[in-house]
Amino acid sequence: MITITLPDSSTKQVEKGTTPMQIAEGISRGLAQNALVAKLNNELVDLNTPILTDSALKLYTWEQEEGKNTLWHSSAHLMAEALEALYPNVKFWVGPALENGFYYDVDLNGGTLSTSDFEKIEQKMLELARKQNIFERKNISKQDAINYFTDKQDIYKLDLLERLDDGTISLYTQGNFTDLCRGPHIPNTSFIKAVKVLNVAGAYWKGDEKNKMLTRIYGITFPKDKELKEYLELLEEAKKRDHRKIGKELELFTFSEKVGSGLPLWLPKGTMLKEKLMQFLQKAQLESGYLPVSTPHIAHKDLYICSGHYEKYGADSFQSIKTPHEGEEFFLKPMNCPHHCEIYKSSPKSYKDLPIRYAEFGTVYRYEQKGELHGLTRVRGFTQDDAHLFVRPDQVKEEFLKVIDLVLYVFNALDFKEYTAQISLRDPNNKTKYIGTDENWITAEQSIMEATKEKNLKTVIEYGEAAFYGPKLDFMVKDAIGRKWQLGTIQVDYNLPERFELEYVGFDNQKHRPVMIHRAPFGSMERFVAVLIEHCKGNFPLWLTPNQFAILPVSEKFNNYAKKVLDLLKKSDIRGFIDDRNEKIGKKIRDQEINKIPYMLIVGEKEQENNTVSIREHIIGDKGEVAVESFISLIIETIEQDFKLKQII
RNA sequence: GCUGUUGUAGCUCAGUGGUAGAGCACUUCCUUGGUAAGGAAGAGGUCGGCGGUUCAAUCCCGCUCAACAGCUCCA
């Protein structure tokens, strides 16, 4: 007999060789029917693995990541089986599970695959899934594996085998398909009830562009039809929220081939939005002791030689600007930090001056590879809500706390309610590739961890993800439909203070090197606006939205009264316009609903007589007739209320 | 940058080896209408750019630019 310890610490005595599935059956029928994979002493295993020693056992269903991943990994095998049935010459590379679904990289031997083939593959997968084929594991020797795949003329699996040790090799077979795989897998194919082939794309063999391009087929599967339906609805919803689409519809920004790819043109409404955001942050920063600075868009090559960026990125950047003066070269600025370092150096600093916080909405230019450009999230010219804090080593933690406060203030104000903080630290096994003293690193890493802990942030620690110049803290937010985005970032930098020989005079009358902290709560205005659009689907908070109201005269006879109302509202700093087109009121309402205007003010004979407006709220509808003054206070109060609520959080 | 797909009016998109169409938007006129599309007329396109094949190219071919999907990358 052996002892099995379950997650609730209870134990079971079972015969040696009992499988996790049998234990599941002993617990409940429901669990036995839903279990997909088991964890045996920290190792994921098939449910039919005989347990030979005392073990801790945990069972996973579709509800857990482990269960999902296993189902998707097994689905990749199922898709491979379907592909092999449909395309006899196909060769397989690897087929892992992803965050949402799975893919398989295949070599179609010159054949092609298009979206029109998807249904055929899906049908075949479902047909095979219904056979309830068992995923059968077989441990074999390396030589046997080599023989097997040599017979199959499968160069890709042979390549994989080269890197595997004898004794660790296993094959999985379901139906007519056998794959080299370490597993684990779901018990049988019948758990896969709903199937969708999502996409097909090229991917280099082993991710190396010198290698052959394989066909990567993406798919997703579910244990219930309903879940597939919900997933497809989510994809539809994401499409509707696409900032490129909404940005065009709401006339926020555009691109022009003549201006150049990746160089956004902000339209009046988008500019209003962007500037409101900047004003909002600027105000918060002034209150937190930041000092606004502003620096030119170009700088002498020497600046970037000093910073080290020329050596690292020079060749892949926008190339230098020449002048009539022979040999003189300027570069478009790819970041603001070197400029800020020079500002720091413009006068001697005392320890009493620190921390110094230079803030600038600095527009920078980076020559991103063509294929990387994407709407506003990846562009070649963008404005960072940048600031550099020059601090004493003993101030790192305190400044981190303040920056975290600022970042959270921004997130709350914009209704991002869920976020996690990712702490990127040094690779503990390879400390040599980092610049800066061990002592400083330890202080900074400790400071970050303590600061996030004090703020009760949900954190993930990533070892080895730090930049070579310092550890960092990145904020990942979840948007309204659950997608994750990386927004704000805080980074410690030991490199630039060194390169620019930044100093301050300490209490001991000696020169010391300050620590530099880069931080950007939005990240960049472009990226943030993109994420915000997708988060709120273009329905911006009232304080931010480009037009807070539209006045809709019932007929042209009331245009003059509308004008009077507009003047009154403008005096109170409320933004909007009159829709004085020669259209019926129904048409105007429809159009302004589509334009997502928060408040429509309908004015006709009645309103003109009573000095009122009839409010119609976006989506909600008719809110009745009120005095113009009441509307003004409604707007002001709504905005104040909005901010107050958020302060509490 | 690599692979694939796409590029027709301001927008969304039909279409054809014999130099083009719809809906919306726009202009003018009629209409002055009370909570999601009133009516009529009109204007608008080197069919992304360059080159080739052809009697003839928006359509076929090559190159190029841009967008999209994926890969790789992101100070």
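Values below: every heavy atom of this structure, side chains too, minus hydrogens, waters and symmetry copies.
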Next on the checklist: OP1 or OP2 of B:A36 versus the side-chain N and O atoms of A:H618: is any pair under 4.0 Å?
Outcome noted: no
Checklist entry - OP1 or OP2 of B:A67 sitting under 4.0 Å from any side-chain N/O of A:S261? => result yes
Item to check | Partner of A:R378 under side chain to side chain donor-acceptor pair (under 3.5 Å), chosen from A:E368, A:Q369, A:E526 | outcome: A:E368
Checklist entry - How would nucleotides 25-35 of chain B be written as a contact map, 5' to 3', with B for base contact, S for sugar-phosphate-only contact and - for no contact, using protein heavy atoms under 4.0 Å? => result S----BBBBBB
Closest to side chain of [X], choosing from [options]:
X      : options             : value
A:Y218 : B:C73, B:C11, B:G70 : B:G70
A:K248 : B:U12, B:A75, B:A36 : B:U12
A:R244 : B:U72, B:A75, B:A69 : B:A69

On a whole-Å scale, what distance lies between the [atom1] atoms belonging to [N] and [M]?
N     : M     : atom1 : result
B:U64 : B:G4  : P     : 13 Å
B:C47 : B:C11 : P     : 16 Å
B:G48 : B:G15 : P     : 15 Å
B:A69 : B:U58 : C1'   : 26 Å
B:G17 : B:U3  : P     : 30 Å
B:A75 : B:U5  : C1'   : 33 Å
B:G49 : B:G7  : C1'   : 11 Å
B:C13 : B:U8  : P     : 9 Å

Look at the side chain of [X] and the backbone N and O of [Y], then say whether any donor-acceptor pair between them is shorter than 3.5 Å.
X      : Y      : result
A:R513 : A:L502 : yes
A:Q491 : A:H518 : no
A:K588 : A:D579 : yes

Item to check | Polar contact flag, side-chain donor to acceptor under 3.5 angstrom, A:E329-A:H300 | outcome: no
Whole angstrom value for the distance that separates [atom2] of [N] from [atom1] of [X]:
X      : N     : atom1 : atom2 : value
A:N199 : B:C71 : CG    : C1'   : 12 Å
A:L487 : B:C74 : CG    : C1'   : 16 Å
A:D242 : B:A67 : CG    : C1'   : 12 Å
A:F253 : B:A67 : CZ    : C1'   : 13 Å
A:L98  : B:A69 : CG    : P     : 17 Å
A:K472 : B:C74 : NZ    : P     : 10 Å
A:E372 : B:A66 : CD    : P     : 14 Å
A:D579 : B:A36 : CG    : P     : 15 Å

Does a salt bridge link [X] with [Y], judged by any charged N lying under 4.0 Å from a carboxylate O?
X      : Y      : value
A:K537 : A:E237 : yes
A:E534 : A:R483 : yes
A:R357 : A:E399 : yes
A:K333 : A:E342 : no
A:D479 : A:R241 : no

In Watson-Crick or G-U wobble terms, both distances under 3.5 Å, what is the partner of [N]?
N     : value
B:U46 : none
B:C11 : B:G23
B:U6  : B:A66
B:C29 : B:G39
B:U16 : none
B:U58 : none
B:C71 : B:G1

Next on the checklist: Any base atoms under 4.0 Å from A:R527, or only sugar-phosphate, or nothing? Heavy atoms, all strands.
Outcome noted: nothing
Checklist entry - Counting any heavy atom closer than 4.0 Å, what does A:K312 reach on the DNA or RNA strands: base, sugar-phosphate only, or nothing? => result nothing
Which protein N or O atoms sit under 3.5 Å from an N or O of nucleotides 39-49 of chain B?
none

Next on the checklist: Parallel, tilted or perpendicular: which one describes the rings of A:W441 and A:Y494, with boundaries at 30° and 60°?
Outcome noted: tilted
Checklist entry - Between A:G371 and A:H309, which has a closest nucleotide on RNA chain B that is more 5'? => result A:G371
Checklist outcome for this item: Walking RNA chain B from its 5' end, the first of A:Q384 and A:R216 to be reached, judged by nearest nucleotide, is A:R216
Item to check | Side-chain donor/acceptor contact of A:R380 with base of B:C74 under 3.5 Å | outcome: no
Checklist entry - Would A:R380 count as a cation-pi partner of A:Y367, with NZ or CZ less than 6.0 Å from the six-membered ring centre and within 45° of the ring normal? => result yes
